[in-house]
Structure formats: C-alpha cells, structure tokens
S.K.: 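Questions regarding the structure given below will be posed in turn.
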Amino acid sequence: MSDLRISFEFFPPKTEQGREKLYDTREQLQAFNPEFFSLTYGAGGTTRDTTANIVTGLRRDGISIAPHLSFGGDNEETVLGLLERYKEAGVDRIVALRGDIPSGMGSVAQLVYANELVAFIRRHTGDHFHLEVAAYPEIHPEAESYDDDIRFLKGKFEAGASSALTQYFYNPDAYFYFLDQCEKAGIDAPIYPGIMPITNFANLARFSRNCGAEIPRWLKYRMESFRDPEDVKKLGLEIVTDLCETLLDGGAPGLHFYTMNSVDPTASILKALDLKQEA
Ligand code: FAD
C-alpha cells in the first residue's frame, strides 16, 4: 500500500479529555504514514477557534494537518485572517467546503458555495494551498440532479481545487460509476474515497440519513439483528476492509478515513488490508 495516499480525518473535541484522545489517536495513526490529517470545521463555523488552535498547535509539532474551512457565518475579513494565520503556521492544505447551517443560525449565516470559497482562497493566497473539496458518489442530498452535482463539482476544480475527498458510501459501484461520469465531464483531478468504519450501527444509521449516504438494506438488516456490539464491529471490519480492497483494486488513488477520533476502527481496517495485500 506504499504508493497509495492515506489520510485521516478528525473532529475538534469539546473537552480536555477529548483533546488528549485526539493527540493520542493522531500519534498512533502516524504509523500508517498518512500524507495528511484533517480537522473538521463545525457547521456554521461553530468550531472556528478550536479548529484553528488545534491545527496551529499540531503544525508546531511538524504534523501535516489540513483544516476544513467554510464561510459559515463569517465575513471575508475573518476568513482572510484565518487563511493568513494558517499560512504563517505552515499549513499547506485546506479542505474547502460550503458547509451547512446549524439549526438556530439561519438568520446570521448565509451559505457560500464551495466553488466560491475555492476562488476566494486562490484569489487571496495564489497557489499556496493544496485545496481539497467534497464530492458525493451517491450525490449531495440537495442536488437538483445527478448531472448538476457533477457540473458543480467541475466548477470547484475550475475555480482552483486540487483534488476531492468523497462522502462515505458502502456501495463501490456508486464510486466507480461516479468516477466515469466525472471523467466524461472532463474532470481529471484525483477523487479519493471517504471511508467510514462501522462501529456503532444506530449512530451510523442516524448520521447517514442526514448526510444522504446510503446503507444497503441487507447490511442494515444484518446489523440490526445483532445483540452483541462486538458482532457489529466484527462484520463492520469485514465489510469495510472488503470495500477498501475493491476500491483499491479498481484503481482508487488512496483512502481518506473518517476516524471519529478513534484509533482502533481505522487501524484494524488498514492492518487487515495490508495482510490481504501480502497474502
Ligand atoms: P457545495 O459543493 O457548495 O455543494 C452544495 C450543494 O449545492 C450541492 O447540492 C451542489 O450540487 C449545489 N451547488 C454547488 N455549487 C453550486 C452553485 N455554484 N450554484 C448552485 N448550486 C450549487 N461539513 C461541515 O460543516 N464541516 C466540515 O468540516 C465538513 N467536512 C466535510 C468533509 C468531506 C470530505 C465531506 C464529503 C463533507 C464534509 N462536510 C462538512 C459536509 C458538507 O459541508 C455538506 O455536505 C454541505 O452540505 C455541502 O458542502 P460542499 O462543500 O460539498 O458544498
């Protein structure tokens, strides 16, 4: 797996204990030689300071870390200030997003499409940052049509994005078909599949309903039939390892893991994959 690009995503913890867990997870996942880690940005910019503080702190330790960024409820000046801070700290990659508006913030926040954020970053910082954008093999839940969503993804690349990370999915055909459609639309930048390990099925099902990721019916029924959480983890490991293997065999350029700030779910998949590839 040495030539493949591996990256790990975290979210900003709310407590000191959570922060320690994040640092510990980061350190342990370093063993898999990731190209970078990334840290999400709370919907509406709600974690602006926490995200920036953790990112600049990790940069001081020499870690390759990409902050996620959206306009949220902020104005251009605030976003420029953040970009400047990241540049000074030696950050060289950003995950640029439109984001969502959290409930209760509707009147202060206004959504800025990701292509506009990408153009804004390029306008003010030139080629300094490698810009990742989001892509949706099962199509963004608000998209008017399949073709529109691909067209808007293309717009993000035309605005200056470098590569894309996908929403997670459990059906590899959705990813491969999406890649074909992107290629037909003239997108030639790499699109890295996002991988969500399965640990707690009820949480995953709830989250998936909100973000439009589909859980195959057979998998839902199988998972819901388990009484022992260990059975869920065991089948989850098997399913997601097979998914990664299929993606890599089919030519995916790497894997981006949604770690949920835990070592084991992601590390077990990578170890199992490595064993399979050696066999
Ligand atoms: P966009 O690319 O702007 O697209 C949003 C919708 O609008 C789509 O339906 C698209 O078809 C349409 N559209 C796009 N451009 C235009 C346009 N110019 N005119 C009209 N319609 C348009 N959320 C967070 O809050 N914080 C995070 O840190 C975060 N990290 C993420 C990381 C990854 C890898 C992924 C896949 C998602 C992440 N999200 C995060 C979720 C993301 O913010 C939501 O899915 C959001 O609804 C869309 O963001 P986007 O950048 O894909 O938006």
Side-chain angles (χ1 to χ4, degrees), residues 5-13 35-52 54-55 65-74 79 82 86 93-103 105-106 109-121 130-169 174-175 178 181-182 185 187 189-196 207-214 252 254-261:
R5 193 186 91 167
I6 302 290
S7 51
F8 298 122
E9 181 170 315
F10 298 131
F11 63 85
E35 180 130 334
F36 67 97
F37 296 92
S38 82
L39 187 64
T40 62
Y41 202 61
T46 44
T47 65
R48 188 198 318 115
D49 296 336
T50 321
T51 295
I54 294 176
V55 163
I65 172 97
H68 293 209
L69 180 66
S70 59
F71 261 92
D74 290 331
V79 177
L82 258 184
Y86 286 143
R93 185 187 304 262
I94 285 179
V95 183
L97 302 149
R98 182 200 71 170
D100 294 313
I101 297 180
S103 52
M105 255 184 102
Q110 169 194 332
L111 291 175
V112 174
Y113 289 115
N115 68 303
E116 299 172 55
L117 175 61
V118 169
F120 179 83
I121 298 175
H130 179 111
L131 295 179
E132 305 279 352
V133 288
Y136 302 83
E138 293 178 331
I139 299 305
H140 186 266
E142 292 162 34
E144 301 242 325
S145 72
Y146 195 104
D147 286 340
D148 272 346
D149 213 29
I150 301 247
R151 188 163 56 82
F152 289 129
L153 176 61
K154 190 175 180 199
K156 298 197 251 194
F157 287 113
E158 285 167 349
S162 320
S163 45
L165 305 169
T166 78
Q167 182 58 278
Y168 66 89
F169 54 88
Y175 173 76
F178 183 71
Q181 300 310 303
C182 286
I187 297 172
I191 299 177
Y192 295 87
I195 306 296
M196 178 71 90
F207 191 61
S208 302
R209 270 194 296 279
N210 293 333
C211 70
E214 188 174 86
L255 302 168
H256 176 73
F257 284 89
Y258 295 101
T259 69
M260 303 308 284
N261 295 5

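Both ligands and their constituent atoms are indexed starting at 1 by order of listing.
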S.K.: Identify which one of R93, H130, H256 satisfies the side-chain hydrogen bond (donor to acceptor under 3.5 Å, both in side chains) criterion when paired with S163.
M.R.: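 Only one of R93, H130, H256 forms a side-chain hydrogen bond (donor to acceptor under 3.5 Å, both in side chains) with S163, namely H130.
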S.K.: About how many Å separate CG of L39 and CG of N261, when rounded to the nearest 0.5 Å?
M.R.: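 Those atoms lie 8.0 Å apart.
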S.K.: When rounded to the nearest 0.5 angstrom, what is the spacing between OH in Y113 and CZ in F152?
M.R.: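 Atom-to-atom, Y113:OH and F152:CZ are 6.5 Å apart.
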S.K.: Is atom 4 (O) of ligand 1 touching the protein, meaning some protein heavy atom lies under 4.0 Å away?
M.R.: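 Protein heavy atom within 4.0 Å of atom 4 (O) of ligand 1: absent.
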S.K.: Could you tell me whether H68 and ligand 1 have an N or O pair separated by under 3.5 Å?
M.R.: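 Yes - when backbone and side-chain N and O of H68 are compared with those of ligand 1, one distance drops under 3.5 Å.
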S.K.: Does any N/O atom on T166 come nearer than 3.5 Å to any N/O atom on ligand 1?
M.R.: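 Between T166 and ligand 1, no N or O pair is found under 3.5 Å apart.
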S.K.: Give yes if a backbone or side-chain nitrogen or oxygen of G42 is under 3.5 Å from a nitrogen or oxygen of ligand 1, and no if not.
M.R.: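 In fact, backbone or side chain, G42 has no N or O that close.
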S.K.: Would you compute the distance between atom CZ of R209 and atom CD of E214 and round it to the nearest 0.5 angstrom?
M.R.: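 The CZ atom of R209 sits 13.0 Å away from the CD atom of E214.
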S.K.: Checking the N or O distance criterion of under 3.5 Å, is ligand 1 in contact with A134?
M.R.: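 It does not: no N or O of A134 is found under 3.5 Å from an N or O of ligand 1.
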S.K.: Starting from atom 2 (O) of ligand 1, find the nearest protein heavy-atom neighbour and note its residue, name and distance.
M.R.: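 Ranking protein heavy atoms by distance from atom 2 (O) of ligand 1, first comes K156 NZ, 2.5 Å.
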S.K.: Tell me the protein heavy atom at minimum distance from atom 22 (C) of ligand 1, and give that distance in Å.
M.R.: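 Here the nearest protein heavy atom works out to Y113 CE2, 3.3 Å.
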S.K.: Indicate yes or no: does an N/O atom of Q167 lie under 3.5 Å from an N/O atom of ligand 1?
M.R.: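 The answer is no, given that Q167 and ligand 1 share no N or O pair closer than 3.5 Å.
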S.K.: Look at the aromatic rings of F120 and F71 and report parallel, tilted or perpendicular, splitting at 30° and 60°.
M.R.: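 Perpendicular: the ring planes of F120 and F71 meet at over 60°.
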S.K.: Considering only non-hydrogen protein atoms, determine which one is nearest to atom 45 (O) of ligand 1 and report residue, atom name and distance to 0.1 Å.
M.R.: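 Nearest neighbour among protein heavy atoms for atom 45 (O) of ligand 1, to 0.1 Å: Y136 OH, 2.7 Å.
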S.K.: Decide whether an N or O pair under 3.5 Å exists between A143 and ligand 1.
M.R.: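 Such a contact does occur with ligand 1.
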S.K.: So, 4.0 Å and heavy atoms of D148: is ligand 1 close enough to count as a contact?
M.R.: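 D148 does not count as a contact of ligand 1 under the 4.0 Å cut-off.
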S.K.: Among all protein heavy atoms, pick the one closest to atom 39 (N) of ligand 1 and tell me residue, atom and distance.
M.R.: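 Ranking protein heavy atoms by distance from atom 39 (N) of ligand 1, first comes L97 CD2, 4.2 Å.
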S.K.: What distance do I121 atom CD1 and I94 atom CD1 have between them, rounded to the nearest 0.5 Å?
M.R.: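 Between atom CD1 of I121 and atom CD1 of I94 there are 4.5 Å.
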S.K.: Among protein heavy atoms, which sits nearest to atom 11 (O) of ligand 1, and what does the distance come to when rounded to 0.1 Å?
M.R.: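 The answer is D149 OD1, 2.6 Å.
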S.K.: Taking non-hydrogen atoms only, is N115 closer than 4.0 angstrom to ligand 1 via side chain, backbone, both or neither?
M.R.: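 The answer is the side chain of N115.
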S.K.: Below 4.0 angstrom from a heavy atom of G99, which ligand 1 atoms are there? Numbered from 1 as shown, please.
M.R.: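 Going through ligand 1 atom by atom, the ones under 4.0 Å from G99 are 43 (O), 46 (C), 47 (O), 49 (O).
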S.K.: May I ask you to identify the nearest protein heavy atom to atom 24 (C) of ligand 1, giving residue, atom name and distance to one decimal place in Å?
M.R.: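 Going by distance alone, atom 24 (C) of ligand 1 is nearest to Y41 O, 3.4 Å.
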S.K.: Between OH of Y258 and CD1 of I195, what distance do you get to the nearest 0.5 Å?
M.R.: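 Reported value, rounded in 0.5 Å steps: 9.0 Å.
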S.K.: Is Y258 in contact with ligand 1, taking contact as a heavy-atom separation below 4.0 Å?
M.R.: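 The answer is yes: ligand 1 sits under 4.0 Å from a heavy atom of Y258.
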S.K.: In a check of side-chain hydrogen bond (donor to acceptor under 3.5 Å, both in side chains) between T47 and each of D49, T51, T50, which one passes?
M.R.: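 For T47, the side-chain hydrogen bond (donor to acceptor under 3.5 Å, both in side chains) check succeeds only for T51.
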S.K.: Of the listed options (E144, H140, E116), which comes nearest to atom 8 (C) of ligand 1 when hydrogens are ignored and any heavy atom counts?
M.R.: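 Of the listed residues, H140 has the closest heavy atom.
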S.K.: Using a 4.0 Å heavy-atom cut-off, which part of R98 comes near ligand 1: side chain, backbone, both, or neither?
M.R.: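 Both backbone and side chain of R98 come within 4.0 Å of ligand 1.
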S.K.: Name the one of E138, R151, Q181 that satisfies side-chain contact (heavy atoms from CB on, under 4.5 Å) with Y146?
M.R.: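 Single pass found, and it is Q181.
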S.K.: Please report the interatomic distance NE2(H140) to CD1(I150), rounded to the nearest 0.5 Å.
M.R.: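 Here the interatomic distance stands at 14.0 Å.
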S.K.: For atom 46 (C) of ligand 1, find the nearest protein heavy atom and state the residue, atom name and distance (0.1 Å precision).
M.R.: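 Closest protein heavy atom to atom 46 (C) of ligand 1: D100 OD1, 3.3 Å.
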S.K.: Tell me the protein heavy atom at minimum distance from atom 12 (C) of ligand 1, and give that distance in Å.
M.R.: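 Of the protein heavy atoms, F152 CD1, 3.8 Å lies nearest.
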S.K.: May I ask you to check whether H68 and T40 show a side-chain donor-acceptor distance below 3.5 Å?
M.R.: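 Absent: no donor and acceptor within the cut-off.
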S.K.: Is there any N or O on T40 that sits under 3.5 Å from an N or O of ligand 1?
M.R.: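 Checking ligand 1 against T40, no N or O pair falls under 3.5 Å apart.
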S.K.: Using a strict 4.0 Å cut-off to heavy atoms of A43, name the atoms of ligand 1 that fall inside it.
M.R.: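 Checking each atom against A43, I get 25 (O).
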